[in-house]
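Here is the structure we will look at.
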Amino acid sequence: MRIFVSLFLIASLFGCRAQSQVKQTDVVSQTQLPSASPKLVVGIVVDQMRYDYLTRFGDKFTSGGFKRMMNDGFNCKNNHYNYVPTYTGPGHASVYTGTTPKYHGIIANYWYDKHKGTRVYCAGDSDVNPIGSDAGKMSPHRMKTTTIGDENKLFTQSRGKTIGISIKDRGAILPAGHSADAAYWFVGDDEGAFVTSSFYMNALPNWVSNFNASGVNEGYLKTWNTLYDIDTYTESGPDLNAFEGGFDGKDTATFPYDLKSLSTHNGGYEIIKSTPYGNSILADFAIAALEGEALGQDDNTDVFTISFSSPDYVGHNFGVNSKEVQDTYLRLDQDIERLLNAFDEKVGVGNYTVFLTADHAAVNVPAYLQSLKIPSGYFDNKAFKKQVKDFLVTRFAASGLLENISNNQIFLNHKRLNALGLDLATVQEALVDEIIHYENIDKAYTAKSMQKASYTVGIESLIQNGYNHKRSGDVIYVFDPAVISYSKTGSTHGSSLNYDTHVPLLFYGQGIKKGSSLKKTSITDIAPTLSSLLGINFPSAATGQPLEFVLE
C-alpha cells in the first residue's frame with residue numbers, strides 16, 4: 001500500500017511538473033519574437049483626413065492606393081481620437097507614442113508656457129541650428145516620451161534606422177522620435193527644399209542635396225486642374241461658392257489654378273503646400289529616401305514615417321466639401337499607389353508593414369452648415385478675452401489676474417493671485433461659473449477638476465486625456481457643436497466631436513490580416529499594435545492596447 005501511494009505521489013508530482021512546464025512554454029511562445037519581423041515599418045499620416053473620405057470618394061479611387069490597403073489589409077472603421085485638442089502636433093505625437101498629451105506633453109501646436117511666460121512651438125528648439133535653410137531650429141525635445149521608432153532603436157541596438165519626412169516640420173519630427181537618424185521637411189523658400197536641423201546632422205546627405213537640386217519642385221509649379229472631368233465630381237459641392245478662401249491674385253476659388261503665376265502672390269514655392277502637388281513632392285522624396293537611406297535592406301527593422309500635410313492646407317483654405325479637397329484625395333490615392341509599388345520593388349512584397357491614419361479630421365464650414373439649418377457658428381476670441389478680463393477685475397477688484405487665453409484654455413497669473421492672497425481654486429471656479437453663461441460656450445472645467453476627478457466616458461474623459469498638469473491652463477472650455485474660432489471660409493479642427501475625432505486606420509502588409517471591424521479603436525492603439533508585431537517594448541508611456549484582431 002505504501003509503495004502504491006509513493007508511486008502515485010511521484011506520478012502526480014511528475015504530472016504537475018510537466019503541466020507547469022507546458023504552461024511556461026505557452027507563456028514564452030506568446031512573448032517571443034515573430035519568426036520574421038518586417039524589414040520596414042511605414043507609418044503614413046494624412047493631415048486632416050476624415051474617415052468618410054474613404055467612402056465618399058471611394059468609387060473614384062484606383063485599385064492600387066487606398067483600396068489596395070482596404071481590400072488586402074485591415075480596415076478599422078470606427079477609429080477615433082481619445083483626447084482633445086485634435087491638432088497636428090498632438091496628433092502626430094499620439095500616433096507614435098501610443099499615449100495622449102496628458103503624458104507625452106505635446107498639448108497643442110503652439111501653447112503658452114506658464115513657467116516661462118511665453119508662447120512656444122511644439123517642435124521649436126533654440127539650441128539647434130538649421131541645416132539647408134534659415135528656418136530649421138527644430139527638434140522633438142518638448143515631447144516627453146518615446147515613440148515606436150525610439151523603442152525599435154533600443155531593441156535593435158541602433159541597427160534599425162528611423163527616418164521621418166513631411167511637408168510640415170512637426171509632421172516629420174514628432175513621429176520620428178528622439179533617436180531618429182533624420183527628419184526632413186519642406187521649406188518653400190526661393191527654390192523650395194527639404195531641410196533638417198543640427199539635432200540630427202551637420203550637413204544634408206548627398207541624396208537630399210541632389211533631390212533639392214533636381215528641379216522636381218519647379219515641375220510642380222504648373223496648372224492645377226481636376227484629375228478627372230469636374231462634372232463627375234458629384235461627391236463635393238459646386239466649384240463656385242461662398243465658403244472657400246482661394247489664392248491671392250485670383251478673383252474666385254475655382255479651377256483651374258495657374259500656380260506658376262499665382263506663386264508670386266502666395267509665397268513662391270509655399271503655394272505648392274496648399275495643393276495636391278505637395279503630396280506628390282513628398283511621395284517623390286519618400287521614394288528617393290528608400291534608396292538614399294537604404295531602408296528595409298537588411299534584417300534589422302527600419303521605421304519610416306511619412307506625413308502628407310497638403311490635405312490640411314487645402315482643407316483650411318477651401319473647406320471639406322470643396323472640389324479642391326476631392327481632387328486632392330483622388331490625386332493622393334495615386335501617390336499612395338506609387339509608394340506601395342515602390343515598397344514592393346525596393347523592399348519586396350511581404351517584407352514590409354504599413355499603417356495609414358490621420359492626425360485629426362475636420363468640421364464642415366459652419367457657414368455652409370448654417371445654409372442647411374444645421375446648428376453651427378463662429379466664436380469671437382477677442383471679445384471673449386475682454387469679457388473674461390473685465391469679469392476678473394469686477395469680481396476680485398484687481399487687475400493683472402488674466403495671463404493668457406489660448407487653445408480653449410485660460411491661464412491665470414499665479415504670482416499675482418498669491419500676492420493678493422486670492423485662492424486659486426476659488427478664482428478658477430468663479431471663472432467656470434461665469435463663462436458657462438456666454439454664448440457658444442457649451443462646457444467649462446477647472447484644472448482642479450481635471451487633476452482630482454477620474455473621468456472614463458464623454459467629453460470630460462477626452463479633455464482629461466489632453467490635460468497636462470505641468471503645461472495646461474487653469475480653466476478649459478468647450479464650444480457648442482460646429483462652432484469654431486476661424487474665418488467664415490474654409491474648415492478647421494480641434495474639438496472632441498466626431499467630425500474631428502473619427503479618422504481612418506488601415507493596416508497592410510506583413511503580419512496583418514485581411515478584413516475590417518466596427519469595434520471602436522483609439523489612435524493610441526497603433527503603437528502598441530506595431531510593438532506587438534515587432535516583439536519590442538511599448539513606447540514608455542503608451543496607454544493604448546494592441547489590436548490583436550488585426551494581427552495574423
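Given the structure is predicted, the values throughout are model-derived calculations rather than measurements.
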How would you list, by chain and number, every residue that makes a side-chain contact (heavy atoms from CB on, under 4.5 Å) with [X], sequence neighbours excluded?
{"X": "Asn210", "answer": "Asn206"}
{"X": "Ala527", "answer": "Pro539"}
{"X": "Asn75", "answer": "Tyr51, Met70, Lys77, Leu506, Ser516"}
{"X": "Asn82", "answer": "Thr100, Asn465, Ser522, Ile523, Thr524"}

| said: Quick check on Gln387: does its CD atom have over 12 non-hydrogen neighbours (other residues, nucleotides or ligands) under 6.0 Å away? | reply: yes

| field | CD/Glu191: more than 12 non-hydrogen atoms of other groups inside 6.0 Å | value | no

| field | Separation of His360 NE2 from Gln48 CD (nearest 0.5 Å) | value | 6.0 Å

| field | Atom pair CZ/OG of Phe247 and Ser263 - distance to nearest 0.5 Å | value | 11.0 Å

Listing request: all salt bridge (charged side-chain N to carboxylate O under 4.0 Å, His left out) pairs with a residue in [range], at least two apart in sequence or in separate chains.
{"range": "residues 376-391", "answer": "Lys386-Asp390"}
{"range": "residues 223-250", "answer": "Lys60-Glu235"}
{"range": "residues 311-320", "answer": "Lys168-Asp312"}

With [X], which residues qualify under ring pair (Phe, Tyr, Trp, His ring centres under 6.0 Å), at least two apart?
{"X": "Tyr110", "answer": "Tyr121"}
{"X": "Tyr220", "answer": "Tyr277"}
{"X": "Tyr233", "answer": "none"}

| His493/Tyr499 aromatic ring centres below 6.0 Å | no

| How about Phe411 and Trp111: are their ring centres within less than 6.0 Å of each other? | no

| message | Restricting to non-hydrogen atoms, name the atom on Arg142 and the atom on Gly124 that form the minimum distance, rounded to 0.1 Å. | response | NH1-O, 2.6 Å

| request: Not counting sequence neighbours, which residues clear side chain to side chain donor-acceptor pair (under 3.5 Å) with Tyr184? List them please. | output: Glu293

| Taking the six-membered ring for Trp, are Phe255 and Trp224 parallel (under 30°), tilted (30 to 60°) or perpendicular (over 60°)? | perpendicular

| message | Glu403 vs Lys114, test: salt bridge (charged side-chain N to carboxylate O under 4.0 Å, His left out). Steps then yes/no. | response | CA-CA 9 Å; Glu403 195 162 287; Lys114 58 190 178 185; over 6 Å; no

| Sequence-distant partners of Asp125, salt bridge (charged side-chain N to carboxylate O under 4.0 Å, His left out), two or more places apart | none

